[in-house]
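For reference, the structure discussed in these notes is given below.
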Amino acid sequence: VPAKPTTYWCSPFKLPVLQNEAHIIRFEPVVQENHEELVHHILVYECSDKLEPFLNVSWDCDSPPDNLPIEIRACRASVILTAWAVGGTGLSFPSNVGLPMSGGTGTQYGVMETHYNNEKSSPTYVDSSGMRVYYTPTKRQYDGAIIEFGNIVSFNLLLPPGLKDIEMQNTCPGACLSAGLPPGGVNVFASMLHSHTAGTAVWVEHIRSGTKLPNIDENFNYDFNFQDVILLRNEVKLLPGDEVQVFCRYDTSDRKEVTLGGEGTSDEMCLAFLVVYPKPTLTVCLSQIPHDVLIYHYYIPALINGYLINYVNDSADDATKGVQLYYSLKGIDFSSQGSRDLWSGTYWSSKYRDYVCRASGHRHILGGVGNRTLLTEIKDPEDPTGVTPEPCVGFTEEPATTQALGATTVGTTEEPATTQALGATADGGVSIWSFIGCIVAIVIMT
């Protein structure tokens, strides 16, 4: 693990090649003992077969573009297969739902993104955490999927220090759900809510034809250390044209400097992962206060009024400007009432939003500022050149032990399984395939 506070580590992998499409029925975290405070979250993304040349190696996800293969960068903008965060226990699908796998049409390749929270920048961590995946060769009635809602992860999310209750709203407009859901809609059966250490509440509101329906999910006592996928008591029907709003509440009363949106644990996020069936083309619907609102309605007035300690040098290159802007915003002086009023009045209360609405079948981004709407096609990434990947250290193969199934299986040995917790049929056999390495523990069950 790199000796820095925040690392996102990308590990490509290939699932077993099967003649017929199977169904993934459970994801389960495997966190190395005594690394519970190091491993913050794990996301697994679906990838194309272009990932084949990069198997058994891994990279820092934030490596420079000339080092990180564009195929891996493309995966992180693709379909999320599962999400886990600190305190969680995993996700089992209902007995009639699974994620398509292999067989020429289901997921064959993926990237596991692991967030390491190495607060003291220790150079001694060697981690082998990962995700265990169970599948069945017997396809279920429905294909499932995860849709990501909330705020785009960027420093356009800006929270002043010293405030008790800061509330933000992120909207997925009805036009996005109309573009990405099937005519009969989808059923939401599980949810994972996510913010970082300033978060005190997260909830998901559901609007239909201007009428607010019961919340899809809510946690008004949010605790960063206890995040889990929650199975809803009653499934919720999402229809084309519905609106989804993700709210987050933050407490920065004990902080001395600005908190920005970002990947670090001390940064902030506001996300909701809704697990649904049948599988829609919609994969992501996120919003944010637009960058031009941040610059022209907040940054420049703050600069003119002397609220900024640091500033951006216009003569610098774009990468340097980005770093300068980050530290400039982090250093805003909120001690004066004028500075606080500028933030609350013209920036935080802005009605303008950018939207990212991505549907895997349509391959588009839907964006808008105020009343303007833009539809832009996403181009497929080109193959990279001159990529020098880092080797995956300690890749090995070894048999798997799976206590959750009530059986220990080596190789392809089949034994009766205790599968009630997985929602699988009682007469199915169990065989487990596994590999341990940088992706660490993907155990496949049939």
Side-chain angles (χ1 to χ4, degrees), residues 23-29 41-44 79-99 134 140-151 169-172 174 176-177 180-182 184-195 199-209 211-224 226-249 269-280 282-286 404 419-424:
H23 259 165
I24 295 172
I25 58 174
R26 177 169 169 79
F27 290 97
E28 182 179 281
H41 79 239
I42 298 173
L43 293 179
V44 179
V79 176
I80 295 176
L81 296 177
T82 192
W84 170 87
V86 60
T89 57
L91 167 64
S92 293
F93 291 87
S95 59
N96 59 339
V97 182
L99 295 187
Y134 300 85
R140 297 177 170 183
Q141 183 178 2
Y142 296 106
D143 291 340
I146 289 180
I147 309 176
E148 181 183 9
F149 294 94
N151 187 260
Q169 173 184 334
N170 306 280
T171 299
C172 177
C176 182
L177 271 68
L181 297 187
V186 295
N187 302 296
V188 184
F189 68 87
S191 167
M192 190 182 88
L193 309 178
H194 183 68
S195 69
T200 60
V202 185
W203 66 99
V204 183
E205 295 191 357
H206 185 194
I207 312 296
R208 179 173 296 157
S209 302
T211 300
K212 183 181 178 304
L213 303 178
N215 290 346
I216 296 175
D217 194 9
E218 58 186 35
N219 185 345
F220 294 107
N221 295 285
Y222 179 84
D223 187 331
F224 171 81
F226 296 97
Q227 303 177 55
D228 206 351
V229 178
I230 302 299
L231 296 177
L232 305 183
R233 291 183 179 179
N234 299 296
E235 294 182 353
V236 176
K237 176 71 77 172
L238 269 184
L239 295 175
D242 286 358
E243 186 175 285
V244 174
Q245 297 180 346
V246 180
F247 289 81
C248 288
R249 186 178 298 139
M269 294 186 180
C270 183
L271 297 169
F273 300 91
L274 302 187
V275 195
V276 306
Y277 74 89
K279 182 179 180 179
L282 179 65
T283 58
V284 169
C285 188
L286 302 172
T419 55
Q420 184 175 0
L422 304 179

If you apply the rule side chain to side chain contact (heavy atoms under 4.5 Å, CB included), what do you find for F273 with V275, and how did you get there?
CA-CA 7 Å; F273 300 91; V275 195; 5.8 Å; no
Audit row: L271, V202, side chain to side chain contact (heavy atoms under 4.5 Å, CB included) steps and yes/no
CA-CA 8 Å; L271 297 169; V202 185; over 6 Å; no
Could you walk me through whether L232 and F189 satisfy the side chain to side chain contact (heavy atoms under 4.5 Å, CB included) test, starting with their C-alpha distance in whole Å, then the side-chain angles of each, then the deciding distance to 0.1 Å, before giving a yes or no?
CA-CA 5 Å; L232 305 183; F189 68 87; 5.8 Å; no
I216 and L238: CA distance, side-chain angles, deciding distance, side chain to side chain contact (heavy atoms under 4.5 Å, CB included) verdict:
CA-CA 10 Å; I216 296 175; L238 269 184; 4.3 Å; yes
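When the side chain to side chain donor-acceptor pair (under 3.5 Å) test is applied to T171, the partners found at least two apart in sequence or on another chain are Q169. Residues passing the side-chain contact (heavy atoms from CB on, under 4.5 Å) test with A85 are H41, M192, H194, Q227, sequence neighbours excluded. Looking at residues two or more places apart in sequence or on another chain, you find a side-chain contact (heavy atoms from CB on, under 4.5 Å) between I207 and K212, E243, Q245. With sequence neighbours excluded, no residue forms a ring-ring contact (aromatic ring centres under 6.0 Å, His included) with Y222. Remark: D217 pairs with no residue by the salt bridge (charged side-chain N to carboxylate O under 4.0 Å, His left out) rule, at least two apart or across chains.
A donor-acceptor pair under 3.5 Å is absent between the side-chain atoms of T82 and the main chain of V44, judged by distance alone. Checked by atom type and distance alone, the side chain of N170 pairs as donor or acceptor with a backbone atom of V246 at under 3.5 Å. Side chain of R140 to main chain of V97: a donor-acceptor pair is present (N/O by atom type, distance under 3.5 Å, no hydrogens or angles).
From L99, atom CG reaches atom NZ of K279 across 7.5 Å, with rounding to the nearest 0.5 Å. We find the OH-CG distance between Y277 and N187 to be 4.0 Å, quoted to the nearest 0.5 Å. Here L282 contributes atom CG and C172 contributes atom SG; the two are 6.0 Å apart, rounded to the nearest 0.5 Å. Here the CG atom belonging to L213 is positioned 13.5 Å from the NZ atom belonging to K237, to the nearest 0.5 angstrom.
Counting all heavy atoms, side chain and backbone alike, P278 lies closest to V186 at O-CG1, 3.3 Å. The shortest non-hydrogen separation linking S92 to L231 is O-CD2, 4.1 Å. The shortest non-hydrogen separation linking N215 to W203 is ND2-CD1, 3.9 Å. Taking each heavy atom of G180 and P280 in turn, the nearest pair found is O-CB, 3.3 Å.
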Distance-only criterion, 3.5 Å: show the donor-acceptor pairs between side-chain atoms of residues 142-150 and protein atoms not counting sequence neighbours.
unit_1: D143; atom_1: OD1; unit_2: H23; atom_2: NE2; d: 2.7

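Side-chain atoms of F27 and V229, non-hydrogen and from C-beta on, never get closer than 4.5 Å to each other.
If you check the gamma sulfurs of C285 and C176, they are not less than 2.5 Å from each other.
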